[in-house]
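Here's the structure we're looking at; comments come further down.
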Amino acid sequence: KVGLQDRLAEWHLLEPILLALPESERIRIDPNRSWSLEDWTFWSARLNDHLPCLEFVEEPFPHDTPAGVWLEIAHQTLIPLALDESLSGSGLAQWHGLRWPGYWIVKPSLMGPPDSWMELLAPARHKIILSSAFETAIGLTALLRIAARLPHQTVHGLGTQAWFNDDWGLPQDGPFLHPPDPTRLEALWNSICD
């Protein structure tokens with residue numbers, strides 16, 4: 001996450017991380033819609049020197065930034081961009097219609113039936129990142145099933161269960177989530193319904 005402090009101070013924190021990152025690793029940068037176009041000029045000048053380290057910059061611009069500006073920047077830069085919050089509501093269809101060239105960070109539990117949006121985004125399957133919206137084990141199990149239908153090299157953002165202090169999550173080994181057995185899901189469901 002960036003965009004919380006002075007941009008130069010944040011760059012001085014991020015640059016050593018980029019320099020130390022192993023060649024096989026890439027980083028995602030999330031300004032949470034905080035970058036102005038002036039900020040973009042500052043950051044892109046620096047990030048261009050670290051392109052092999054970058055997977056994408058997620059949703060950098062404020063919500064009122066015109067779609068045409070987003071598209072122009074996305075087509076002009078070598079820095080991959082990703083949409084996240086902009087995909088809610090009718091955003092997915094809008095950006096699909098505009099032929100968004102970057103990544104799509106999709107929160108399936110907020111997007112409706114998976115088959116409809118997966119069909120829409122089929123040509124961009126390798127650029128779909130699934131993201132959690134604080135689901136229980138039942139919702140996360142559904143997300144894992146959706147993730148299994150996407151390219152296997154994709155790293156999805158499903159790490160929200162660490163924010164909960166309960167046992168409703170999925171079994172986890174490091175960054176890997178595992179679907180629970182059906183008995184565990186039924187017990188969880190029954191505890192919610194009681």
Side-chain angles (χ1 to χ4, degrees), residues 1-89 91-92 94-95 98 100-111 121 124 126-135 140 143 147 150-151 153-164 172 174-177:
K1 300 281 186 190
V2 294
L4 302 171
Q5 302 176 34
D6 171 76
R7 61 189 180 204
L8 189 57
E10 286 187 331
W11 173 248
H12 288 307
L13 293 171
L14 181 60
E15 185 181 31
I17 295 169
L18 294 172
L19 292 171
L21 206 61
E23 282 185 31
S24 61
E25 301 295 324
R26 292 184 300 162
I27 194 168
R28 298 171 177 175
I29 298 173
D30 186 356
N32 279 339
R33 294 181 166 185
S34 67
W35 286 356
S36 65
L37 295 179
E38 182 182 324
D39 291 325
W40 171 253
T41 300
F42 171 89
W43 282 99
S44 62
R46 286 151 183 82
L47 293 175
N48 275 323
D49 293 333
H50 299 278
L51 290 174
C53 300
L54 296 178
E55 187 167 12
F56 52 75
V57 175
E58 178 181 332
E59 198 86 26
F61 307 116
H63 73 281
D64 58 353
T65 303
V69 172
W70 276 86
L71 291 168
E72 182 180 343
I73 290 171
H75 286 293
Q76 289 178 351
T77 185
L78 295 175
I79 299 167
L81 299 177
L83 295 174
D84 182 1
E85 293 88 356
S86 294
L87 300 179
S88 62
L92 182 84
Q94 174 196 348
W95 286 101
L98 293 170
W100 173 248
Y103 285 84
W104 305 77
I105 300 174
V106 176
K107 292 179 174 63
S109 59
L110 305 178
M111 301 302 289
L121 295 180
H126 63 288
K127 289 187 174 183
I128 297 174
I129 309 296
L130 298 182
S131 182
S132 177
F134 295 103
E135 296 83 1
L140 282 173
L143 290 181
L150 295 170
Q153 70 274 18
T154 304
V155 177
H156 300 289
L158 305 177
T160 55
Q161 70 179 5
W163 294 97
F164 294 101
Q172 187 168 351
F176 299 101
L177 295 173

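The first residue in the sequence is number 1, and the count goes up from there.
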task = Evaluate the ring planes of F56 and Y103, with Trp represented by its six-membered ring, and classify them as parallel (under 30°), tilted (30 to 60°) or perpendicular (over 60°).
result =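 The arrangement is tilted - the two ring planes meet at 30° to 60°.
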request  = If the plane angle is over 60° it's perpendicular, under 30° parallel, otherwise tilted; pick one for W70 and F61.
outcome  =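 Rings of W70 and F61: perpendicular, as their planes differ by over 60°.
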message = Show, in sequence, the C-alpha distance, side-chain angles and deciding distance for I129 and R28, and conclude whether the side chain to side chain contact (heavy atoms under 4.5 Å, CB included) test is met.
response = CA-CA 11 Å; I129 309 296; R28 298 171 177 175; 3.6 Å; yes
Can you give me the closest heavy-atom contact between [X] and [Y], atom names plus distance?
X    : Y    : answer
P108 : L130 : CG-CD2, 3.7 Å
E85  : N32  : OE2-OD1, 4.1 Å
R26  : L54  : CD-O, 4.0 Å

query = Going by heavy atoms in the side chains, are L110 and S88 under 4.5 Å from each other?
reply =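 No, side chains not in contact.
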ask   = Just wondering, do W40 and L81 contact through their side chains at under 4.5 Å, heavy atoms?
value =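 Result yes, sub-4.5 Å side-chain heavy-atom pair found.
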Name the atoms and distances for all side-chain donor-acceptor pairs under 3.5 Å in residues 72-80, with sequence neighbours left out.
residue, atom, partner, partner atom, Å
E72, OE2, Q76, NE2, 3.4
T77, OG1, I79, N, 3.0

How long is the span from the [atom1] atom in [X] to the [atom2] atom in [Y], to the nearest 0.5 Å?
X    : Y    : atom1 : atom2 : answer
L150 : I128 : CG    : CD1   : 5.0 Å
W104 : S86  : CH2   : OG    : 10.5 Å
L83  : E58  : CG    : CD    : 9.5 Å
T41  : R46  : OG1   : CZ    : 10.0 Å

If you look only at distance, which donor and acceptor atoms sit under 3.5 Å apart when one is on a side chain in residues 6-18 and the other is two or more places apart or in another chain?
residue, atom, partner, partner atom, Å
D6, OD2, L8, N, 3.1
D6, OD2, A9, N, 3.1
R7, NH1, D39, OD1, 2.7
R7, NH2, E38, OE2, 3.1
E10, OE1, G3, N, 2.7
E10, OE2, G3, N, 2.9
E10, OE2, L4, N, 2.8
E10, OE2, Q5, N, 3.1

task = Could you walk me through whether H50 and L19 pass the side chain to side chain contact (heavy atoms under 4.5 Å, CB included) test, one step at a time?
result = CA-CA 8 Å; H50 299 278; L19 292 171; 3.6 Å; yes
query = So, R33 and D84, do they make that salt bridge, N to O below 4.0 Å?
reply =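 Looking at R33 and D84, the cut-off is not met.
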request  = Mind running side chain to side chain contact (heavy atoms under 4.5 Å, CB included) on W95 and L71 for me, showing each step along the way?
outcome  = CA-CA 10 Å; W95 286 101; L71 291 168; 4.2 Å; yes
ask   = When you measure from the side chain of K107 to the backbone N and O of L87, does any donor-acceptor pair fall under 3.5 Å?
value =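 The answer is no, because no donor-acceptor pair under 3.5 Å joins these two groups.
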